[in-house]
Amino acid sequence: MLDQSPNGAPSASDRTIDFLSSTHKLLIDGNEVHGASGETFETYDPALGKTLTSVPNAKQTDVDAAVTAARSALAGPWQKMAPSDRAQVLMRLADLIERDASWISEVESLDSGKPKLHIAAVDVPLAVGALRYYAGWCTKLAGETIPASSPDMLVYTRREPIGVVAAIVPWNFPLCQACFKIAPALAAGCTVILKPAEQTPLSALILGKLALEAGIPPGVLNVLTGDGTTTGQALVEHPGVAKISFTGSEEVGKHIARTASKTLKHVSLELGGKNPNIIFADSDVDTAAATAAGAIFFYTGQVCSAGSRLMVEEKAFDQVVDRVVAEARKLKMGHGLHEETTLGPLISEDQLERVNGFVERSRETGIDVVTGGRRGKGELASGSFYEPTVLTGARDTDGVVTDEIFGPVLTIQAFESFDDLVKRANASSFGLAAGIWTHDIAKAHAAAAAIQAGTVWVNTYNQFDAAVGWGGFKQSGYGKDNGREGLDKYLQTKTVWVNYAR
Ligand code: NAD
C-alpha cells in the first residue's frame with residue numbers, strides 16, 4: 001500500500017488512498033470481476049520503489065470471456081446505437097475524464113513516476129482530444145457510389161467496423177495511448193479489449209469505469225490487466241479478435257505480427273524511435289537548443305518521439321552543448337506529486353540498469369559524459385532516478401547513437417554539410433520522427449522531404465494533435481494513430497451490387 005510520506009513524498013488524496021486500497025477487478029461485459037485464476041501482480045511507485053497495489057493477472061479464461069462479451073456487444077447494442085448517440089457517449093466519456101482529471105493525474109503519476117502536472121497538462125488533454133475528435137467522425141463514416149460500367153447496376157460501399165479490437169498499450173503514456181486506440185475504434189463501431197502495460201495498469205481500470213458511467217454499453221469496452229506473455233499473447237492468438245492495435249517495443253511488435261498472421265488478424269504497430277533533432281547554424285540556435293533539451297528530457301526520455309540524437313551544424317556545436325547542459329542542470333528530479341518536480345524517475349530498476357549500461361559502455365569507449373550519468377542520490381536513492389545526461393564524441397556506430405535508450409540520455413554530434421547530415425540521419429533503422437531547425441525555408445523543406453520519418457517538425461518539436469496522424473516508417477512500425485488514418489484502420493469496406501434492371 002501507499003506509504004504517505006517516505007522520502008519526502010507528499011501525501012496522496014483520500015480518493016487515491018481509497019482507490020489504491022480497494023480490490024481491483026477486471027472489467028468484462030460491464031461487470032467488475034475477479035480474474036478466474038485469482039492470481040494478481042503488484043504495481044509500483046517507481047519514485048519510491050514501493051508497492052502501490054495489486055491487480056488481477058488475466059488468464060485465457062478471462063480473455064475468452066472478454067472476447068465473447070465484445071463480440072456480442074459488437075453485433076448487439078453497439079451496432080444498434082445510432083451514430084449520433086455513439087458520438088454523444090464518447091463526448092460524455094471525454095467530459096468525465098476532464099471532471100476527474102486531477103485525480104486521474106495523481107493516480108497515473110504514482111503508477112508511472114511522471115510529474116502529475118505534466119499528466120494534467122499533456123496526457124489528459126491528448127486523451128480527451130482524441131475522444132472528442134473521433135466522436136465527430138461517428139456520423140461521417142460514409143461509403144460511396146461507384147459508376148461501374150455494367151448496365152443497370154447500383155454499386156455502393158459500406159464502411160463497417162472491423163470487429164473486436166485488442167488494444168495493447170505501453171507504460172509511458174497509459175491513459176492517452178489507450179484513448180488513441182479506444183476513441184477511433186469505438187467511433188468506427190468496433191468493440192475493444194484494452195490491455196494496459198503491467199507497469200501501469202491503474203488508469204485503464206479507471207477508464208473502464210468511466211466508460212460505463214458515460215453510457216457506453218456493457219461489453220463495448222473491456223479491460224484486462226495482465227502480463228504480456230499471458231494476457232497479451234492470448235489476445236493476439238484469439239480467433240475472435242479481428243485486430244491488434246499495438247504500441248510498444250520493436251521486439252514485441254514483430255512477435256505480435258508473426259503470431260497474428262496465423263489467424264490473419266489486422267495489425268497496426270507503433271514502435272520505437274531514435275529520432276534525429278537537427279539544428280542548422282542559421283536557426284535561432286538558443287531556442288532550438290533549449291527546445292532540444294525538452295525534447296529529450298520530457299518524461300525522463302521515456303518517449304518514443306524523444307529527440308535522443310541531437311545533430312548540430314559544426315559552427316553552432318559549442319553554443320548548443322552549453323545551452324543543453326545548462327537546461328539539463330536546471331531540471332528538478334523528484335516525486336511526481338511534488339509541484340516543483342520536472343524530472344521523474346525511470347519506470348523501473350530494470351530500465352535504470354539498461355540506461356546506465358549505455359552510459360557505462362560510453363565511458364569505457366572514451367565518449368565524453370558532459371553532464372549527468374549517475375543514478376539519483378540521497379533522498380532519491382530508493383527510487384529509479386537517473387540524472388539528465390549529455391554525451392559528446394560518440395561515433396555513428398556507437399550503441400548510444402543507434403539504439404533506443406528510452407532514458408534521459410542525449411548524444412550531441414556535429415555535422416558538416418546538408419548531404420552529410422541526411423545520410424547520417426537516415427542511417428537509423430527507425431523512422432519515427434525528426435526535428436529540423438533553420439530559418440532557410442528551402443533548406444527546411446528539402447530536409448523534411450529527405451528525412452525518412454513519419455513526422456517531421458520544423459522549428460518546433462513534440463507537437464501532437466488528435467487530427468494529425470502519428471506513426472513511423474521503417475522499424476518504427478506501420479499504421480497510424482490519430483487523424484483520419486487512425487480511423488481507417490478500424491474499418492473495412494463492403495461493396496454492394498444491386499441489379500435494378502426491370
Ligand atoms: P513492450 O513492447 O514491452 O510492451 C508493450 C505492451 O505489450 C505491454 O502492454 C505488454 O504487456 C505487451 N506485451 C508484451 N509481450 C507481449 C506478447 N507476447 N503478446 C502481446 N502483448 C505483449 O513495450 P514497453 O516497454 O511497454 O514500451 C516501450 C516501447 O514502446 C518503446 O520501444 C517505445 O518507443 C514504444 N512506444 C512507441 C510509441 C509510438 O507511438 N510509436 C509510443 C509509446 C511507446
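Quick note: residue numbers are just sequence positions, from 1.
Within the 4.5 Å cutoff, the side chain of Pro56 has no heavy atoms near those of the Glu39 side chain. You'll find the side chain of Leu27 stays beyond 4.5 Å of the side chain of Leu205, heavy atoms only. When side chains are defined from C-beta on, Leu210 counts as touching Ile104, because their heavy atoms get closer than 4.5 Å. Put simply, the side chain of Leu141 reaches to within 4.5 Å of the side chain of Leu491, judged on heavy atoms. Counting heavy atoms from C-beta on, the side chains of Val409 and Val359 come closer than 4.5 Å. For the pair Val324/Leu310, a side-chain contact is recorded, criterion being any heavy-atom separation below 4.5 Å from C-beta on. Counting only heavy atoms from C-beta outward, the side chains of Ile28 and Asp62 approach each other to under 4.5 Å. A heavy-atom distance below 4.5 Å is found between the side chains of His24 and Thr53.
Side chain to side chain, Asp227 and Asn57 meet the donor-acceptor criterion of an N or O pair below 3.5 Å. Trp103 and Ser13 share no donor-acceptor pair across their side chains, judged by distance under 3.5 Å alone. Judged by distance alone, the side chains of Thr460 and Gln463 do bring a donor and an acceptor atom under 3.5 Å apart. A donor atom on one side chain and an acceptor atom on the other are found under 3.5 Å apart for Thr263 and Lys265. For Ser305 and Asn462, the side-chain atoms include at least one donor-acceptor pair closer than 3.5 Å. Side-chain contact annotation: Glu42 with Ser54, donor-acceptor N/O pair under 3.5 Å absent. Under the 3.5 Å distance criterion, with hydrogens and angles disregarded, no donor-acceptor pair is assigned to the side chains of Gln475 and Ser429. Asp111 and Thr200 form no side-chain donor-acceptor contact under 3.5 Å, judged by distance and modelled atom types alone. Side-chain atoms of His255 and Gln233 form a donor-acceptor pair, as typed in the model, at a separation below 3.5 Å.
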Determine, stepwise, if the pair Leu90 / Cys138 fulfils side chain to side chain contact (heavy atoms under 4.5 Å, CB included).
CA-CA 9 Å; Leu90 289 182; Cys138 295; 3.9 Å; yes

Intermediate values then yes/no, side chain to side chain contact (heavy atoms under 4.5 Å, CB included), Val192 and Asn222:
CA-CA 6 Å; Val192 176; Asn222 306 276; over 6 Å; no

Take Asp465 and Trp470 through the side-chain hydrogen bond (donor to acceptor under 3.5 Å, both in side chains) test and state the conclusion after the steps.
CA-CA 9 Å; Asp465 190 296; Trp470 170 258; over 6 Å; no

Output, in order, the C-alpha distance, side-chain angles, deciding distance and verdict of salt bridge (Lys or Arg N to Asp or Glu O under 4.0 Å) for Asp95 and Arg132.
CA-CA 9 Å; Asp95 293 345; Arg132 292 197 174 128; 2.8 Å; yes

Phe19 and Ile206: side chain to side chain contact (heavy atoms under 4.5 Å, CB included), yes or no, with the steps?
CA-CA 10 Å; Phe19 172 73; Ile206 296 173; 3.8 Å; yes

Please lay out, stage by stage, how Ile97 and Leu93 fare under the test side chain to side chain contact (heavy atoms under 4.5 Å, CB included).
CA-CA 6 Å; Ile97 293 173; Leu93 178 56; 4.3 Å; yes

Candidate pair Gln302 and Lys114, rule side-chain hydrogen bond (donor to acceptor under 3.5 Å, both in side chains), full reasoning:
CA-CA 10 Å; Gln302 301 171 116; Lys114 195 184 290 193; over 6 Å; no

Does Lys243 form a side-chain hydrogen bond (donor to acceptor under 3.5 Å, both in side chains) with Ser268? I'd like the steps, not just the answer.
CA-CA 8 Å; Lys243 175 174 172 68; Ser268 50; 2.9 Å; yes

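Checked for salt-bridge contact, Arg92 and Asp85 miss the test: no charged N lies under 4.0 Å from a carboxylate O. One finds no salt bridge joining Lys209 and Glu213 here, because no Lys/Arg side-chain nitrogen approaches an Asp/Glu carboxylate oxygen to under 4.0 Å. A salt bridge does not link Glu485 to Lys489: none of the charged nitrogens lies less than 4.0 Å from a carboxylate oxygen.
Checked by atom type and distance alone, the side chain of Ser428 never pairs as donor or acceptor with a backbone atom of Asn426 at under 3.5 Å. Side-chain N or O atoms of Asp45 include one that pairs as donor or acceptor with a backbone N or O of Ala47 at under 3.5 Å. Side-chain N or O atoms of Asn275 include one that pairs as donor or acceptor with a backbone N or O of Cys304 at under 3.5 Å. No donor-acceptor pair closer than 3.5 Å links the side chain of Thr191 to the backbone N or O of Val220. Between the side chain of Glu108 and the backbone N or O of Leu175 there is at least one donor-acceptor pair closer than 3.5 Å. Side-chain atoms of Thr291 come within 3.5 Å of backbone N or O of Thr287 as a donor-acceptor pair. For Ser348 (side chain) and Gln351 (main-chain N/O), a donor-acceptor pair under 3.5 Å exists by modelled atom type.
Counting heavy atoms of neighbouring residues, nucleotides and ligands inside a 6.0 Å radius, atom CG of Asp18 exceeds 12 of them. Counting non-hydrogen atoms of neighbouring residues, nucleotides and ligands closer than 6.0 angstrom, the CZ atom of Arg375 exceeds 12 such neighbours. For CD of Glu339, the number of neighbouring non-hydrogen atoms (other residues, nucleotides, ligands) closer than 6.0 Å is 12 at most.
Considering all non-hydrogen atoms of both residues, Glu198 and Gly228 come closest at OE2-N, 2.9 Å. Heavy atoms only, all atoms of each residue included: Leu352 and Phe385 are closest at CD1-O, 3.4 Å. Here the closest heavy-atom approach between residue Ala466 and residue Tyr134 is recorded as O-OH, 4.3 Å. When all heavy atoms are compared, the tightest approach of Lys274 to Val400 is NZ-O, 2.8 Å. Contact between Thr247 and Lys181 at its shortest, heavy atoms only, is OG1-NZ, 2.9 Å. Residues Ser476 and Gly272 come closest through the heavy atom pair OG-O, 2.7 Å.
Taking CG of Leu48 as the reference point, atom CG of Leu110 lies at 8.0 Å (rounded to 0.5 Å). A distance of 10.0 Å separates CZ in Phe180 from CG in Leu131, rounded to the nearest 0.5 Å. For the atom pair OG1 (Thr230) and CG (Leu224), the distance works out to 12.0 Å, reported to the nearest 0.5 Å. Summarising the geometry, atom CG belonging to Leu202 is positioned 12.0 Å from atom CD belonging to Glu106; distances are rounded to the nearest 0.5 Å. Note that OG of Ser245 is 5.5 Å distant from CG of Asp481, once rounded to the nearest 0.5 Å. The OG1 atom of Thr231 lies 9.5 Å from the CD1 atom of Ile168; values are rounded to the nearest 0.5 Å.
The aromatic rings of His335 and His338 sit perpendicular, their planes meeting at an angle over 60°, well past the 30° parallel limit. Taking the six-membered ring for Trp and thresholds of 30 and 60 degrees, Phe173 and Tyr299 have ring planes more than 60 degrees apart, a perpendicular arrangement.
Between His266 and Tyr490, the ring centre distance reaches or exceeds 6.0 Å.
A ring pair (Phe, Tyr, Trp, His ring centres under 6.0 Å) with Phe406 is found for one member of Tyr386, Trp171, Phe358 and no other, namely Trp171.
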